[in-house]
2 protein chains.
Amino acid sequence: MTTETAGIEDRGSAVDQVVDAIRRLIRERNLGIGDALPSEIELAAMFDTSRNTVREAIRMLKAYGIIESRQKVGAVITDRRQQALMELFSFAIDISAENFLDIQGFRRLVEVNLSDLLFQAIDAAALARLEAINEAMRLAPDLPEAARLDFEFHAALVGSAGNQTLSQVYGILRPLLQRLMEAGKASRIAIDSAYDDHGDIIAALRQRDRIAYAYHMNRHLHAGLQFIQTPKEPGQI
Amino acid sequence: MTTETAGIEDRGSAVDQVVDAIRRLIRERNLGIGDALPSEIELAAMFDTSRNTVREAIRMLKAYGIIESRQKVGAVITDRRQQALMELFSFAIDISAENFLDIQGFRRLVEVNLSDLLFQAIDAAALARLEAINEAMRLAPDLPEAARLDFEFHAALVGSAGNQTLSQVYGILRPLLQRLMEAGKASRIAIDSAYDDHGDIIAALRQRDRIAYAYHMNRHLHAGLQFIQTPKEPGQI
DNA sequence: CCCTTAATTTGTTGGTCAACATACCGTCGA
DNA sequence: TCGACGGTATGTTGACCAACAAATTAAGGG
């Protein structure tokens with residue numbers, strides 16, 4: 001037999017219905033960013049359902065980046081969908097479990113060719129910050145700390161380009177890249193070499209020298225690549 | 001006193017922690033699409049939390065499109081992230097112009113500088129495929145179909161570079177980029193212009209002409225940018 | 001003006017009941 | 001005897017309720 005629930009639009013679970021209902025509520029009341037939703041208890045009474053169901057619906061909206069909720073204050077409408085989008089990215093990387101070389105290739109593609117955006121957006125303060133990070137890396141007490149500061153340098157560099165999407169991608173790749181760099185920083189010599197490379201890169205940035213930037217960055221990333229020919233566990237994150 | 005980062009990341013609520021824990025579980029057990037998660041009760045016991053908290057975590061993962069749960073069967077890992085992304089953007093909030101431009105900037109950074117990887121990996125079959133897609137775009141019956149094929153062209157191009165991380169990112173961005181391209185393909189003239197650009201790009205690829213590739217790709221993407229200067233309706237939900 | 005206290009709201013937990021899909025097992029028929 | 005059929009047992013998700021903890025705001029008292 002076919003479904004005998006013909007009368008009511010039964011599509012979706014109770015949670016999905018509440019999600020739609022909340023969306024309708026937002027639309028009908030013309031709520032915008034910053035406005036607060038009714039409390040969970042009120043919503044439950046409004047839609048004649050339980051508070052837990054409302055909570056699960058709110059969880060979905062939170063995952064979509066549409067609302068944020070703070071205790072006591074309640075749920076507030078926001079637009080953090082860009083971050084939600086990045087969460088999706090991070091899941092992609094989880095699932096497909098790329099190997100290190102693949103991600104390193106992606107990284108090279110980005111960083112070596114970043115000069116256009118960088119020259120356009122970078123200022124003296126950003127350059128000083130890069131130098132400070134580089135100096136701290138040289139003086140780092142141990143290798144993991146140096147690796148962390150190495151990543152910090154590159155993240156700051158990418159951040160200076162002013163592209164949000166890019167910055168967030170790097171935020172997601174952070175743990176992976178850091179492991180990559182720990183693998184590449186097996187000795188003090190590698191750190192000193194990276195320090196010099198970073199210095200060359202900063203100099204190229206300061207002089208707005210596109211060619212020099214690409215040359216040094218490419219060399220630098222290629223050098224780091226040598227040390228990690230064998231990933232720790234292939235195909236595993 | 002305040003916790004001095006006592007080992008475990010205390011960041012986020014219990015639900016967020018369970019989300020991360022499930023992600024780690026998937027990674028560590030190397031679970032793939034179609035595999036089943038432990039039952040909610042087992043997960044609750046595993047992470048020493050309650051079933052409702054696990055349910056909310058599963059709700060989030062469901063919102064991200066990486067798991068699906070059917071009654072009785074349990075939660076199964078899937079990949080419906082594209083649908084999740086569409087849900088994300090089906091909320092009536094218009095994408096802000098800044099977000100559009102930001103993502104477009106990211107795209108330019110990637111595609112314009114893809115030549116190194118492309119020249120290394122592309123073959124005759126891939127070039128023929130690109131030409132076929134381009135031809136199909138020229139002959140497309142309507143504008144949305146042309147926009148779809150335009151995206152298809154770029155996705156195939158990026159895919160030819162052979163970097164999995166990059167391909168994944170483009171796969172997820174598909175609906176978003178397609179909207180971007182629909183906005184840019186407001187007229188037949190724009191399509192013909194894109195067709196010519198694509199042809200130039202293919203020719204540059206065939207001749208392994210790095211400069212020509214970068215020139216034509218940059219021109220092409222810059223041209224597409226003109227059409228979306230004005231957002232539809234800023235900041236309404 | 002500052003501190004204390006109360007109230008409100010979300011966060012988390014444990015439990016109950018229902019719906020339902022699957023597996024297993026016994027019965028019946030050929 | 002063997003296979004098909006049907007019923008039941010079991011385990012899982014879906015939905016809900018009640019209660020307490022934590023946090024944050026707001027009010028009130030010194």
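Letters go in sequence order (proteins before strands), and every chain restarts at 1. Only this structure's heavy atoms are used, side chains among them; waters, hydrogens and symmetry mates stay out.
Taking atom CG of residue A:L37 and atom C1' of nucleotide C:dT9, one finds them 13 Å apart after rounding to whole Å. Atom-to-atom, CG of B:L43 to C1' of C:dT13 comes out at 16 Å; the value is rounded to the nearest Å. Going from atom CD1 of B:I41 over to atom P of D:dT12 covers 7 Å, rounded to whole Å. Between A:I58 atom CD1 and C:dT9 atom P the separation is 13 Å, expressed in whole Å. The interatomic distance linking B:D16 (CG) with C:dT10 (C1') rounds to 14 Å, in whole Å. Straight-line distance from the CD1 atom of B:I67 to the C1' atom of D:dT12: 14 Å, rounded to whole Å. Protein atom CD of A:E56 is 16 Å distant from nucleotide atom P of C:dT10, rounded to whole Å.
In this structure, of C:dT10, C:dG11, D:dA15, it is D:dA15 that holds the atom nearest to the side chain of A:A14. Closest to the side chain of A:T53, from the set D:dG14, D:dC16, C:dG11, is D:dC16. In the set D:dT13, D:dT12, C:dT12, the nucleotide with an atom closest to the side chain of B:E42 is D:dT12.
A pairwise comparison of heavy atoms in B:N113 and A:L109 identifies O-CD1, 3.1 Å as the closest pair.
Here A:R206 pairs with A:E131 in a salt bridge; the nearest charged N to carboxylate O distance falls below 4.0 Å. Note on B:E68 versus B:K62: no salt bridge recorded, every NZ/NE/NH1/NH2 to OD/OE distance being 4.0 Å or above. A salt bridge between B:R148 and B:E145 is present, with a side-chain N of the basic residue lying under 4.0 Å from a carboxylate O of the acidic one.
Contact between the side-chain N/O atoms of A:K62 and the OP1/OP2 oxygens of C:dG11 is found at a separation under 4.0 Å. A:S69 has no side-chain polar atom (N or O) that falls below the 4.0 Å cut-off from OP1 or OP2 of C:dT9. At the phosphate of D:dT13, neither OP1 nor OP2 sits under 4.0 Å from any side-chain N or O atom of B:R55.
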Spell out protein contact along nucleotides 17-26 of chain D as letters: B when the base is contacted, S when just the sugar-phosphate is, - when no protein heavy atom is under 4.0 Å; keep the 5' to 3' order.
B-B--BSBS-
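Pairs passing the salt bridge (Lys or Arg N to Asp or Glu O under 4.0 Å) check and including a residue from residues 41-52 of chain B, sequence neighbours excluded, read B:E40-B:R51.
Contact of the A:D35 side chain with the A:V76 side chain is not registered, since no non-hydrogen atoms from C-beta on lie closer than 4.5 Å.
The aromatic rings of A:F106 and B:F106 sit tilted relative to each other, their planes meeting at an angle between 30° and 60°.
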